[in-house]
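These notes concern the structure reproduced below.
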Amino acid sequence: MSAQNTAAATPAAKSSAQSKALTPIAWKFPITYSILALVSLICFGLIGRDGETTFRIATGGDFFAIPDVVVSSTVAGLVLSLILVILAAASIYLALKRITLAGWFPMVFGILFVVSFLAWAGGGSGGVIPLTTLLAGALALSVPLIFGAMCGLVGERSGIINIAIEGQLLAGAFLAAVVASVAKNPYAGLLAAPIAGALVAVVLTFFAVKYWVNQIIIGVVLNVLVVGVTSFLYSTVLTENPGLWNSRQQLPNLPVPLLSDIPILGRVLFDQNILVYIMYVVVIALQIFVFRSKWGLRMRAVGEHPKAADTVGIKVNFTRVRNTLMAGAIAGLGGAFFTVGSGLAFGKEMSAGQGYIALAAMILGKWNPKGALLAALLFGFSKSLGNTLQSIGTPVANELLLMLPYIVTVLAVAGFVGRVRPPAAEGVPYVK
Amino acid sequence: MTKVFGSFVANDHIDLTIEPGEIHALLGENGAGKSTMMNVLYGLYDADGGEILLDDKPVTFAGPGDAVAAGIGMVHQHFMLVPVFTVAESVALGYEPTKSMGLIDLAEARKKVREISARFNFNIDPDALIEDLPVGAQQRVEIIKALSRNAKILILDEPTAVLTPQETDELISIMRQLKEQGTSIVFITHKLREVRAIADSITVIRRGKITGVASPDSTEAELASQMVGRHVSLTTEKDDADPGDATFQVRSLTVVDKAENVVVDDVSFDVRRGEILAVAGVQGNGQTELAETIIGLTDPRLGSITLDGKDLVGKSVKDRLGSGIGFVPEDRSTDGIIADFTIRENMILDVYDRPPYAKGLNLKSAVINDEAKKKVEEFDIRLGSVVDPIATLSGGNQQKVVLSRELGRDLRLFIASQPTRGLDVGSIEFVHKRVIAERDAGTPCLIVSTELDEVYGLADRIAVMYSGRIVGIVGADTSREALGLMMAGVPADEALAATAAPEKSDAATAAPDDNCATTSAEETK
């Protein structure tokens with residue numbers, strides 16, 4: 001038996017060696033890198049802007065102060081651009097050799113490009129780039145996205161496509177604001193938000209599992225429904241007596257001793273409210289439990305091959321419903337960040353499409369918690385970058401800066417989505 | 001036991017007794033109700049009548065979980081394995097050994113796989129991904145799954161459909177081993193040879209009813225007539241081929257799939273006018289892709305396809321159909337027909353846009369109707385009306401519609417993939433006769449089949465594919481054993497030499513010999 005298996009392996013290895021020679025050269029990424037490197041070289045380096053750019057790293061009250069980094073805009077642009085050109089050339093060389101780029105390559109390239117861009121953008125006006133604020137903003141803007149992406153991930157790994165993340169975020173934001181306001185306690189809002197998200201999931205699973213309604217359609221309908229209901233209640237009830245129904249409540253920041261004193265990242269990561277800490281726990285727990293627990297194994301089985309799960313006595317639809325409700329609760333928590341998490345009152349349609357971006361983050365992260373986290377951070381960062389640049393004033397039009405996160409979304413999904421594999425049975429109702 | 005789907009009685013008062021430690025074969029044609037019955041037994045379907053007795057005690061199964069708890073294991077025809085799981089995960093699923101907090105004890109799961117794998121000499125790596133395993137190994141994983149839950153009764157649903165003859169021999173010896181250790185086996189099949197090789201007792205089932213109990217000593221012809229209900233000829237009658245010029249040539253054809261795997265690897269062959277070249281091989285060795293590349297559904301990376309002196313590579317499917325290719329696809333229900341279209345519409349899917357069926361933007365309904373009726377008569381299609389959706393027909397009649405469409409034009413080349421898959425014996429006879437008639441009319445025919453019986457029935461020459469390559473092209477008189485070795489990748493001359501060796505009596509003793517042959521082939525490479 002073993003002899004036969006090895007015999008089977010040999011011709012396969014032979015033909016894969018032959019396939020190497022046949023594979024067409026993958027030009028997509030080298031061309032993208034080259035264009036970006038040239039843009040950086042010409043715009044940020046050669047044309048450039050006179051003056052200096054200040055990267056402000058420290059904020060008041062740090063454990064020890066780090067001085068601002070001041071660089072000449074054109075020199076920084078030129079140096080960084082040259083590195084980018086070298087990297088792009090390397091990518092072309094590797095493509096010719098048909099060697100796939102390592103995972104860190106796009107990350108390093110992206111970071112260098114962004115710094116080069118910042119050096120250019122901050123120049124001229126002698127602008128100050130507040131790095132810590134930029135990163136803190138990125139995390140804050142990512143929180144709802146991360147919760148949303150985790151919700152989508154748990155749903156789709158179980159086989160239910162959840163387009164209603166947007167609605168779940170909005171419902172969570174609404175209920176958190178109202179409950180916190182009435183109870184005069186932001187933590188009460190935090191308890192209410194998951195319930196709102198789960199309720200949306202109840203409707204979703206009811207139609208998707210019980211009546212086999214197309215999950216994309218029911219998801220979109222739910223989003224519209226939640227916008228309608230919350231907007232209606234907002235303009236009738238909430239605006240009648242904002243003091244009672246919609247007063248601002250904010251979750252206080254709870255700095256973690258020691259960790260929060262680490263320069264730059266300590267501030268950003270460990271001087272946050274409890275919702276952000278919950279997010280850390282959720283992401284880490286999912287990363288472990290999705291792949292290594294009984295719950296995760298069964299969830300993935302149900303999402304990949306429900307009939308196989310059924311034949312070993314796993315209740316497919318029950319598993320799907322339970323997990324999707326749980327996922328809804330996670331998205332609801334993410335919604336709470338819009339209101340009690342940020343100390344804002346509820347406003348109409350305040351989730352503003354973040355649920356869809358969360359969906360994109362999940363896909364870009366290949367249905368992995370770790371990957372989805374990174375993707376959500378990327379989107380959050382691009383939005384924060386847009387905000388920062390708007391406030392310091394740059395030659396780029398404000399409207400273009402506002403588009404930044406969405407451009408990044410489209411590019412990222414278009415660039416990578418071809419290579420990911422969703423759970424095989426997602427969106428397919430299980431009928432015995 | 002009785003099971004009804006709508007007005008269709010799949011199982012009509014079936015009585016079946018399985019003795020401990022016996023191999024009980026359940027023999028019947030496709031659609032006879034064998035699988036339905038086993039799914040009821042396994043708790044996947046609810047029975048509409050009757051009862052199940054285990055050791056004389058009546059039991060009811062609300063779901064497969066109950067059946068497993070009662071000691072029933074099942075290996076489904078389509079494996080119930082998640083492709084992205086590892087072997088250990090697949091075996092653990094549903095019965096996971098856990099540590100604290102619901103985390104899976106993978107070490108324990110691996111140990112279990114290794115233990116059972118070692119006991120039966122399965123050679124399965126617990127950390128291999130299911131999708132990377134060959135079909136035979138996946139089947140062994142399924143058996144490990146059932147055994148890990150202490151199955152006393154093991155149901156094997158068409159277990160040999162996807163195996164090479166050698167893998168089948170291995171499976172049969174595994175079944176013997178299981179039997180010796182006291183496991184009862186229910187073996188569902190429609191292949192007569194295997195039944196005679198392994199079964200202790202045989203129950204024949206036809207149209208949902210038990211038609212008889214046979215002994216393993218019955219001849220194949222006796223079993224076949226019990227299974228079909230009338231006398232059938234198991235061999236296709238045909239005259240010797242009278243081949244003409246090689247008008248269809250494939251040279252160095254190489255096809256690569258989306259994941260950059262070479263699926264057709266440097267394939268060259270000719271098909272002459274008036275001959276049938278059968279492509280044999282285990283499912284998934286590039287036959288499907290070969291056929292789809294010839295018709296133009298995929299583009300080759302390298303190589304040429306020449307018909308009547310013209311290169312077809314780069315031409316559209318429509319152009320290729322226009323140059324006279326008839327194509328019967330492998331998967332009838334998704335590629336051969338449009339289920340919601342009427343029968344007459346399905347008959348003109350390839351010619352709907354040209355006279356006499358069309359004029360300008362209009363379809364000529366009357367002409368289409370007349371033609372459809374003619375074809376129904378010619379191909380003996382049993383139907384209500386030609387304007388019924390084709391989904392209302394049985395598989396055999398659907399396939400006849402496809403054939404009537406593809407053979408309805410003047411052909412320069414006829415390609416059929418698995419032309420009789422899922423068909424009953426009667427329809428198979430008919431399809432084979434039509435294919436041979438087309439050959440006798442002078443058309444080069446290329447038949448892709450994984451059923452050796454079909455290959456022998458039709459072929460004038462046999463090309464064996466393994467791992468995307470053509471291992472060899474041999475005559476139709478080549479022995480089954482030699483073909484089996486070639487299907488496992490052994491080059492033609494070695495396979496012929498190995499099987500010409502004198503000492504060989506039956507399948508069980510042949511198996512080790514085969515392995516030696518494979519090993520030597522491996523060494524010479």
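Predicted, not measured: the structure shown is a model, and the values here were computed from it.
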Considering only heavy atoms, which portion of [X] lies under 4.5 Å from any heavy atom of chain A: side chain, backbone, both, or neither?
{"X": "Y95(B)", "value": "both"}
{"X": "M101(B)", "value": "both"}
{"X": "K99(B)", "value": "neither"}

Worksheet item: In terms of heavy-atom pairs under 4.5 Å, which option from G313(A), G296(A), A425(A), A301(A) contacts chain B the most?
Response: A301(A)
Worksheet entry | Residue selection (most heavy-atom pairs with chain B, distance under 4.5 Å) from E304(A), R300(A), K315(A) |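 The option with the most such pairs is R300(A).
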Fill in: Proximity breakdown for L297(A) and chain B, heavy-atom pairs closer than 4.5 Å
both
Discussion item. Would you say CZ of F291(A) has more than 12 non-hydrogen atoms from neighbouring residues, nucleotides or ligands within 6.0 angstrom?
Written reply: yes
Discussion item. Applying side-chain contact (heavy atoms from CB on, under 4.5 Å) to F61(B) and D46(B), what does each step give before you reach the verdict?
Written reply: CA-CA 8 Å; F61(B) 300 143; D46(B) 297 326; over 6 Å; no
Practice prompt. Using a cut-off of under 4.5 Å on heavy-atom pairs, state which of M80(B), K145(B), H78(B), M74(B) scores highest against chain A.
Written response: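 Ranked by heavy-atom pairs under 4.5 Å with chain A, first place is M80(B).
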Practice prompt. Tell me, out of L93(B), T98(B), V82(B), V68(B), who's got the most heavy-atom pairs with chain A below 4.5 Å.
Written response: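 Counting heavy-atom pairs under 4.5 Å, the top option is L93(B).
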Discussion item. Angle between ring planes, Y33(A) versus F109(A), binned at 30° and 60°: parallel, tilted or perpendicular?
Written reply: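 Y33(A) vs F109(A) ring planes: tilted.
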Worksheet entry | Stepwise side-chain contact (heavy atoms from CB on, under 4.5 Å) check, V154(A) with R157(A) | CA-CA 5 Å; V154(A) 169; R157(A) 285 268 183 193; 5.9 Å; no
Fill in: Check against ring pair (Phe, Tyr, Trp, His ring centres under 6.0 Å), H76(B) and Y42(B)
CA-CA 10 Å; H76(B) 297 260; Y42(B) 192 58; 5.6 Å; yes
Worksheet item: Got a salt bridge between R110(B) and D127(B), using NZ or NE/NH1/NH2 to carboxylate O under 4.0 Å?
Response: yes
